[in-house]
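Structure, as structure tokens:
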Amino acid sequence: MTTGMGSQTGSTLVKRGLADMLRGGVIMDVVNPEQARIAEDSGAVAVMALERVPSDIRRDGGVARMSDPEMIQGIQAAVTIPVMAKARIGHFAEAQILQSLDVDYIDESEVLTPADEENHIDKWAFTVPFVCGATNLGEALRRIGEGACMIRSKGEAGTGNVVEAVRHLRTIMTQIRRLQSADATELYALAKDLQAPLPLVREVAETGELPVPLFCAGGLSTPADASLVMQLGAQAVFVGSGIFKSDDPVRMAKAIVEATTHYQDPAIVAKVSTGLGAAMKGFETATLEVRLAERGW
Amino acid sequence: MRRVGVLALQGDVREHVGVLERLNVRAERVRRPNQLAGLDGLVIPGGESTTIAYLLTTSGLREPLARALEEGLSTFGTCAGLIMLSTSVSDGRADQWSYGALDVAVRRNGYGRQVASFEAPVAVRGVGDVPGVFIRAPRIEEVGADVDVVATYDHGDGEHPVLVRQGPVWGCSFHPELTPVDRVHQLFLDSMSEALR
């Protein structure tokens, strides 16, 4: 495509800007065009196209990889909202393929089987923006240093249990507050402890927030979960298995969308939670054999 | 102090609140119908127009906002906000609705998907160049006779409108709220003062 004078694609502002536009919204995992349309009808702000939702990946085992391009293109054709897709940690060739498919955001995701146990993708090399998971502030800042334009908690995907996402959000918030109370001398040692780039540590100490939007993912399965994590400081939510593994996906999707917008209004969250049917069954995370949140370095 | 609402159902609400506060306006987040009362103006932010439309309906704001627009509430929409204010929308959902307060036809994602999103300087009449950030932006394809085109841009295929005004209603394809340059918002606020005189 020809572009106008002085125009620039793939700038940090343009890449982070799309994350800004998704704030206050719900990003839903979908495995086919029909689910994608249900998500859009229900007010989703974007969809994550993947072959199996995390709870099925967990059940089936084996190596989980990028989705078939045909499946992603089918979903792009079905909806008008942004379409995201997942690449394996460190698998920059999968990311190149996703970029060539014109996906709107790539999730370098621990839900898939990692391809590199040392390095993540160099995300600055791409025009398409990336979201990455983090369990703590150091991990978040390492990903931002590599070019991530959105950070999400990892949670423990596919469990229907929000406990790990809450742990990650609280850890990130507590560590940000610690930086804000530090003096300039202490920031060097804190950067070392966090294993994070010093300039980003300084930026967070000054602004009191991550340089990119912080969203929540992993185990959300009710409107109350969405309200909880928004009150803890998440700016938007990802819902994976929680919608299409519930009794009534359409109502659950709509209810979580409304609860995310009106998270500070318990009367509205109560109203949308009424008579929803069963949420996904879920797991106690202490009994899991594979802990996805431990993937990523 | 003037009170300007920011529709806070979904999108980059915080950035608009930040600009308005820098310009010494009291910015109020609007999520419920009663929060429209007494406002001097309203901003509809960037975000996803399908989500904002859905939440306008569920929150009970759809009709009250339609009445406020009919009564001449000064309103400024960026990106998704422009879509919500326009008369006709192409490449949207089959059931996509909009307020028709600005007589323009827009095409959703008219510059392409995210990898085609771009920044470029935009020359605004009476103001000069401002940074334009276009993110999956709607493209204004037609404007009615009563619409004042305040800025155009050439994306390699001819000048076309990117900032328009019709009476008290303004719409913009790009996101001035994502930059530290507040001059587009200042134009909108100045037009509110004109209306009071």
For a quick test of reading the model, state the closest non-hydrogen atom pair linking [X] to [Y] and the distance between them.
{"X": "Met21(A)", "Y": "Asp12(B)", "value": "CE-OD2, 3.2 Å"}
{"X": "Leu13(A)", "Y": "Leu178(B)", "value": "CD1-O, 3.7 Å"}
{"X": "Glu48(B)", "Y": "Val45(A)", "value": "CG-O, 3.2 Å"}

I'd like to know if the side chain of [X] reaches the main chain of [Y], judged simply by a donor and an acceptor atom lying under 3.5 Å from each other, with no hydrogens or angles considered.
{"X": "Thr51(B)", "Y": "Ala44(A)", "answer": "yes"}
{"X": "Asp104(A)", "Y": "Gln114(B)", "answer": "yes"}
{"X": "Gln10(B)", "Y": "Gly43(A)", "answer": "no"}

Around [X], counting heavy atoms of other residues, nucleotides and ligands shown, do more than 12 lie under 6.0 Å from its [atom1]?
{"X": "Phe92(A)", "atom1": "CZ", "value": "no"}
{"X": "Gln231(A)", "atom1": "CD", "value": "yes"}
{"X": "Glu28(B)", "atom1": "CD", "value": "yes"}

* Please assess Val103(A) against Arg113(B) for the test side chain to side chain contact (heavy atoms under 4.5 Å, CB included), listing each intermediate value before the final yes or no. => CA-CA 8 Å; Val103(A) 304; Arg113(B) 303 184 72 97; over 6 Å; no
* **CA sep, side-chain torsions, deciding dist, call: Thr80(A), Arg108(B), side chain to side chain donor-acceptor pair (under 3.5 Å)** => CA-CA 8 Å; Thr80(A) 66; Arg108(B) 285 187 62 202; 2.7 Å; yes
* Heavy atoms only, distances under 4.5 angstrom: which of Gln235(A), Arg37(A), Gln76(A) has the most pairs with chain B? Name it, please. =>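 Of the candidates given, the most pairs with chain B belong to Gln76(A).
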* In terms of heavy-atom pairs under 4.5 Å with chain B, which of Leu18(A), Val272(A), Thr127(A), Val128(A) leads? -> Leu18(A)
* Asked: Looking at Val13(B), Ile52(B), Thr179(B), Leu55(B), which one has more heavy-atom pairs under 4.5 Å with chain A than the rest?
  ->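 Most heavy-atom pairs within the cutoff with chain A belong to Leu55(B).
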* chain A contacts, top residue of Gln96(B), Arg32(B), Arg136(B), His175(B) (heavy-atom pairs, under 4.5 Å) -> Arg136(B)
* **CA sep, side-chain torsions, deciding dist, call: Glu119(B), Thr12(A), side chain to side chain contact (heavy atoms under 4.5 Å, CB included)** => CA-CA 10 Å; Glu119(B) 23 178 333; Thr12(A) 301; over 6 Å; no
Min side-chain heavy-atom separation [X]-[Y] under 4.5 Å:
{"X": "Arg31(B)", "Y": "Asp265(A)", "result": "no"}
{"X": "Tyr54(B)", "Y": "Glu258(A)", "result": "yes"}
{"X": "Glu15(B)", "Y": "Arg23(A)", "result": "yes"}
{"X": "Ser7(A)", "Y": "Phe134(B)", "result": "no"}
{"X": "Thr9(A)", "Y": "Val115(B)", "result": "no"}

To the nearest 0.5 Å, how far apart are [atom1] in [X] and [atom2] in [Y]?
{"X": "Thr50(B)", "Y": "Asp41(A)", "atom1": "OG1", "atom2": "CG", "answer": "9.5 Å"}
{"X": "Thr58(B)", "Y": "His262(A)", "atom1": "OG1", "atom2": "NE2", "answer": "5.5 Å"}
{"X": "Arg14(B)", "Y": "Asp20(A)", "atom1": "CZ", "atom2": "CG", "answer": "7.0 Å"}

* In terms of heavy-atom proximity below 4.5 Å to chain B, should Ser42(A) be classed as side chain, backbone, both, or neither? -> backbone
What part of [X] gets closer than 4.5 Å to chain A, counting heavy atoms only: side chain, backbone, both or neither?
{"X": "Glu159(B)", "result": "neither"}
{"X": "Leu9(B)", "result": "both"}
{"X": "Asp95(B)", "result": "neither"}

